[in-house]
Amino acid sequence: MSSDTIAVIGGGPGGLRAAHAVAEVGGKVVLIEQREFLGGTPIAENYSGLTPRGEPAQPQIRQMIDRVTANPLTEIRLGTELAGVTGEPGGFVLKLRSEQANGAQTLECGAIIIATGFGHFDPGRSTQMYGYYEFPDVITQPDLEAMLSEHRVLRPSNGQPPERICFIQCVGSRDRQIGNEYCSKVCCGVASKQAIEIRQLLVDSKVFIFYIDMRMYGYWENEIYWPAQEQHHVQYVKGLITEVLPKGDRLLVRGEDTTMGRPMELPMDLVVLSVGMEPSPGTHEVARLLGVKQNKYGFVEAVGAPLDPVSTDREGIFACGAALGPADLEDTVSSACAAAVKAVGYLRSRPVGAAS
Ligand SMILES: Cc1cc2nc3c(=O)[nH]c(=O)nc-3n(C[C@H](O)[C@H](O)[C@H](O)COP(=O)(O)OP(=O)(O)OC[C@H]3O[C@@H](n4cnc5c(N)ncnc54)[C@H](O)[C@@H]3O)c2cc1C
Ligand code: SF4
């Protein structure tokens, strides 16, 4: 048994771009998404503006969705998850679970692209001293992103606009104690973009970013970092924040200014935690069901990296986007196109009717 269909699991930016790329070159594709809607984290978390230029995120992602839904070579199955796999490369049989379709379905496909993305680090873990679950005015980047989409940044505790706002970088990333030694790549750029948006919205506010070191990839340095300081007066402070405490109706942010080598304590109205990326539960589960190798953090391992960043250790199974590790949208769509080319190439290079 062999099939010329490619299954893409996950309908976020990675899965959408991979599905579109397969269809663009005439391949048949089935896109499987566990939620009842496409668009992945940017739609689920209601992202506001995109780095680096701040274009509204929703129309950009909707455009990706429309391109895929309009293509007759693409079939979309929403509310559907992988439950198991049998068969072999070139002729896999996926067992799918869907509440809508009343139970199990099967899908024959020749190749698979995993695009199951990431989850946010939970800042409530015991090592974290920032009071996320204790103080309403301690929020995460995704929480702020949703507020910015509504053009309303208010303190959850009292509904008033905050005057003093700070970001704490590297929450759940670059942290050996919890085993996440890696850098999550996007949070420095996203914090700086969000800081600009706050300064535009609340013109009298003071915005601080506490960082270990700022990691701006490529052009983001000039496109976000310098404008944040020079045009929008965002204050970057190199320092380690050790705890957040309540003080009156404000929060006290305590730590060390590492440039000056002295302790610091600053009152804030709103504290934003720049939480890192971890593999989504779906990435763990799909990798396990398909039997592909995961790295020590649980992301899917690209065994041929750096020169082949999308092949897994199982023939006929590829991965893209944040299922492979922390990724911004540019990384995500690049790896999605690469995975699509590899999957189509794999099927087209097989002798007709071959099963391995
Ligand atoms: C706060 C924040 C702001 C950001 N802003 C920007 C920005 O401005 N610019 C930028 O370039 N990047 C930004 N990013 C990064 C961006 O969100 C990611 O690059 C992008 O979402 C990765 O896309 P993805 O498709 O790989 O994963 P995701 O967006 O996580 O999508 C994965 C999809 O797979 C689905 N799925 C998971 N498991 C299963 C399963 N078992 N079966 C079926 N479906 C499943 C999920 O439901 C989801 O729809 C930001 C990240 C954060 C945290
Ligand atoms: S991008 Fe910045 S905030 Fe995020 S983990 Fe890397 S250094 Fe830390």
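Numbering of ligands and ligand atoms starts at 1, following listing order.
- Residues Cys188 and Met216 share a closest heavy-atom pair of O-CE, 3.4 Å.
- Nearest protein neighbour of atom 41 (N) of ligand 1, counting heavy atoms only, is Val286 CG2, 3.5 Å.
- Assignment of Glu45 to the shell around ligand 1 is not supported, since no heavy atom sits closer than 4.0 Å.
- In the candidate list Leu289, Val190, Leu31, Ile9, Val190 is nearest to atom 6 (C) of ligand 1, counting heavy atoms.
- With a 4.0 Å heavy-atom cut-off, ligand 1 is reached by no atom of Ala57.
- In terms of protein heavy-atom proximity, atom 39 (C) of ligand 1 is nearest to Gln34 OE1, 3.4 Å.
- Of the protein's heavy atoms, Gly14 N, 2.8 Å lies nearest to atom 25 (O) of ligand 1.
- Of all the heavy atoms of Glu285, none lies under 4.0 Å from any atom of ligand 1, so neither backbone nor side chain is involved.
- Taking all heavy atoms of Ser184, Ala322, Gly12 into account, the minimum distance to atom 31 (O) of ligand 1 is reached by Gly12.
- Within the 4.0 Å heavy-atom cutoff, Thr80 counts among the residues contacting ligand 1.
- Applying the 4.0 Å criterion to heavy atoms of Ala115 picks out, from ligand 1, the atoms 32 (C), 33 (C), 34 (O).
- Put simply, no part of Cys187 is less than 4.0 Å from ligand 1, judged by heavy atoms.
- Distances below 4.0 Å separate heavy atoms of Gly40 from the following atoms of ligand 1: 29 (O), 31 (O), 48 (C), 49 (O).
- Look at Val171 and you'll find every heavy atom at least 4.0 Å from all atoms of ligand 2.
- Here atom 6 (Fe) of ligand 2 lies nearest to Cys183 when heavy atoms of Cys187, Cys183, Pro326 are compared.
- When hydrogens are left out, the protein atom nearest atom 49 (O) of ligand 1 is Glu33 OE1, 2.6 Å; that is the closest non-hydrogen contact.
- Using a 4.0 Å cut-off between heavy atoms, Thr116 contacts ligand 1 through both its backbone and its side chain.
- Protein heavy atom in closest approach to atom 22 (C) of ligand 1: Thr332 OG1, 3.5 Å.
- For an aromatic pair to be called close, the ring centres must be under 6.0 Å apart, and Tyr225 with Tyr236 satisfies this.
- We find the CD-OG1 distance between Gln294 and Thr312 to be 11.0 Å, quoted to the nearest 0.5 Å.
- The part of Lys185 lying near ligand 2 is the backbone, judged by heavy-atom distances below 4.0 Å.
- Protein heavy atom in closest approach to atom 11 (O) of ligand 1: Leu329 N, 2.7 Å.
- Distances from atom 2 (Fe) of ligand 2 to the heavy atoms of Ser173, Gly189, Cys188, Ser184 put Cys188 nearest.
- For ligand 1, the polar-atom distance check finds no N/O of Gln141 at less than 3.5 Å from any of the ligand's N/O atoms.
- Taking every heavy atom of Gln169 and a limit of under 4.0 angstrom, the matching atoms of ligand 2 come to 3 (S).
- Comparing heavy-atom distances from atom 16 (C) of ligand 1 across Trp220, Tyr47, Phe121 singles out Tyr47 as nearest.
- Closest to atom 18 (C) of ligand 1 among all protein heavy atoms lies Ala327 O, 3.5 Å.
- Scanning all protein heavy atoms for the shortest distance to atom 9 (N) of ligand 1 gives Thr51 OG1, 2.7 Å.
- The part of Asp213 lying near ligand 2 is the backbone, judged by heavy-atom distances below 4.0 Å.
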